[in-house]
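Note that the coordinates shown come from a computational prediction; the quantities given were computed from them, not determined experimentally.
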Amino acid sequence: MSNAAAPGLQGFRWPAEWEPQAAVWLAWPASSLDWPGRLQGVRFAFADMVRRLAMGQEVRVLVHSPATEREARKRIADVGGDLSRVRFTPCPIDRSWMRDSAPLFVRNAAGETRAVGFRFTAWAKYPGHARDARIAGAVARAAG
């Protein structure tokens, strides 16, 4: 991307963490490679995190497959989560690190929002990340 097209040069900025946001995006943990021997506990922790986040805002969860969505729905309901505040988006993933693979949403003074994606390389450490490289686009499309 040329500097002329850079969002900051077009008046866009990354909102502060305390500013209102439309939703929090998470990816349901799908790979036992990232959580050796702990995947079930991590999924319980994610379900509880979704429950707590959904108390105050919408939560959008990427799910690897229809089976993953069914499991996530059940686990979130089992911990008392409000599923009416949770939206699921199908998106095959390799890892569940949204901080590193999801887009950032930036805004300008007119209130326009854009998704800005970055090239995800799995920290040049993990071999399986081709699906994660597509997360930014999938989230941007789902968010409109």
Side-chain angles (χ1 to χ4, degrees), residues 1-36 38-65 68-69 71-144:
M1 167 174 17
S2 73
N3 284 340
L9 296 176
Q10 296 177 26
F12 285 85
R13 67 176 183 81
W14 190 17
E17 67 272 7
W18 46 263
E19 292 184 67
Q21 56 190 14
V24 169
W25 283 86
L26 301 171
W28 191 258
S31 173
S32 61
L33 298 175
D34 289 332
W35 316 99
R38 300 180 302 186
L39 184 59
Q40 296 311 314
V42 167
R43 287 177 175 160
F44 174 82
F46 264 68
D48 193 50
M49 180 170 48
V50 170
R51 176 186 69 83
R52 290 172 187 267
L53 288 167
M55 290 176 179
Q57 69 180 74
E58 182 174 297
V59 181
R60 297 182 184 185
V61 181
L62 295 183
V63 289
H64 184 75
S65 66
T68 304
E69 180 177 343
E71 178 198 7
R73 283 180 178 279
K74 179 181 182 330
R75 286 182 178 261
I76 294 164
D78 286 350
V79 298
D82 181 358
L83 288 170
S84 72
R85 298 191 70 149
V86 180
R87 288 179 44 196
F88 296 91
T89 299
C91 181
I93 62 171
D94 295 303
R95 318 214 105 70
S96 53
W97 305 111
M98 293 292 280
R99 177 196 72 189
D100 302 307
S101 55
L104 297 176
F105 291 94
V106 294
R107 283 192 203 121
N108 66 15
E112 296 172 300
T113 301
R114 287 192 185 164
V116 179
F118 299 90
R119 185 169 169 254
F120 180 64
T121 66
W123 316 284
K125 179 177 175 181
Y126 297 102
H129 67 278
R131 292 179 188 147
D132 292 342
R134 296 189 295 261
I135 287 175
V139 168
R141 284 187 298 280

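Checked against salt bridge (Lys or Arg N to Asp or Glu O under 4.0 Å), Glu69 has the following partners two or more places apart in sequence or in another chain: Arg73. With sequence neighbours left out, the side-chain contact (heavy atoms from CB on, under 4.5 Å) criterion links Arg60 to Ala23, Trp25, Glu58, Arg87, Ala143.
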Going through the distances and angles, do Asp78 and Arg75 end up as a salt bridge (charged side-chain N to carboxylate O under 4.0 Å, His left out)? CA-CA 5 Å; Asp78 286 350; Arg75 286 182 178 261; over 6 Å; no
Between Trp28 and His64, does the side-chain contact (heavy atoms from CB on, under 4.5 Å) criterion hold? Intermediate values first, please.
CA-CA 8 Å; Trp28 191 258; His64 184 75; over 6 Å; no
- Task: Starting from the C-alpha separation in whole Å, work towards a yes-or-no answer on side-chain contact (heavy atoms from CB on, under 4.5 Å) for Leu83 and Ile76.
- Result: CA-CA 7 Å; Leu83 288 170; Ile76 294 164; 3.7 Å; yes
Could you walk me through whether Val116 and Phe118 pass the side-chain contact (heavy atoms from CB on, under 4.5 Å) check?
CA-CA 7 Å; Val116 179; Phe118 299 90; 4.0 Å; yes
Assess the residue pair Ile135 and Asp132 against the criterion (side-chain contact (heavy atoms from CB on, under 4.5 Å)); give the C-alpha distance rounded to whole Å, side-chain angles, the decisive distance to 0.1 Å, and a yes or no.
CA-CA 5 Å; Ile135 287 175; Asp132 292 342; 3.4 Å; yes
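Shown here for Ala115 and Ala140, the closest heavy-atom pair between the two residues is CB-CB, 3.6 Å. In plain terms, the two heavy atoms of Val59 and Ala54 that are nearest each other are CG2-N, 3.7 Å. Between Gln57 and Gln21, the closest heavy-atom pair is NE2-NE2, 3.1 Å. Here the closest non-hydrogen pair linking Val139 and Phe105 is CG1-CZ, 3.8 Å.
A distance of 10.5 Å separates CZ in Arg85 from CG in Leu53, rounded to the nearest 0.5 Å. One distance of note links CZ of Arg107 with CD of Glu112; it measures 12.0 Å at 0.5 Å rounding. Atom CZ of Arg51 sits about 11.0 Å away from atom CG of Asp82, to the nearest 0.5 Å.
Between the side chain of Arg141 and the main chain of Gly137, a donor-acceptor pair closer than 3.5 Å is present.
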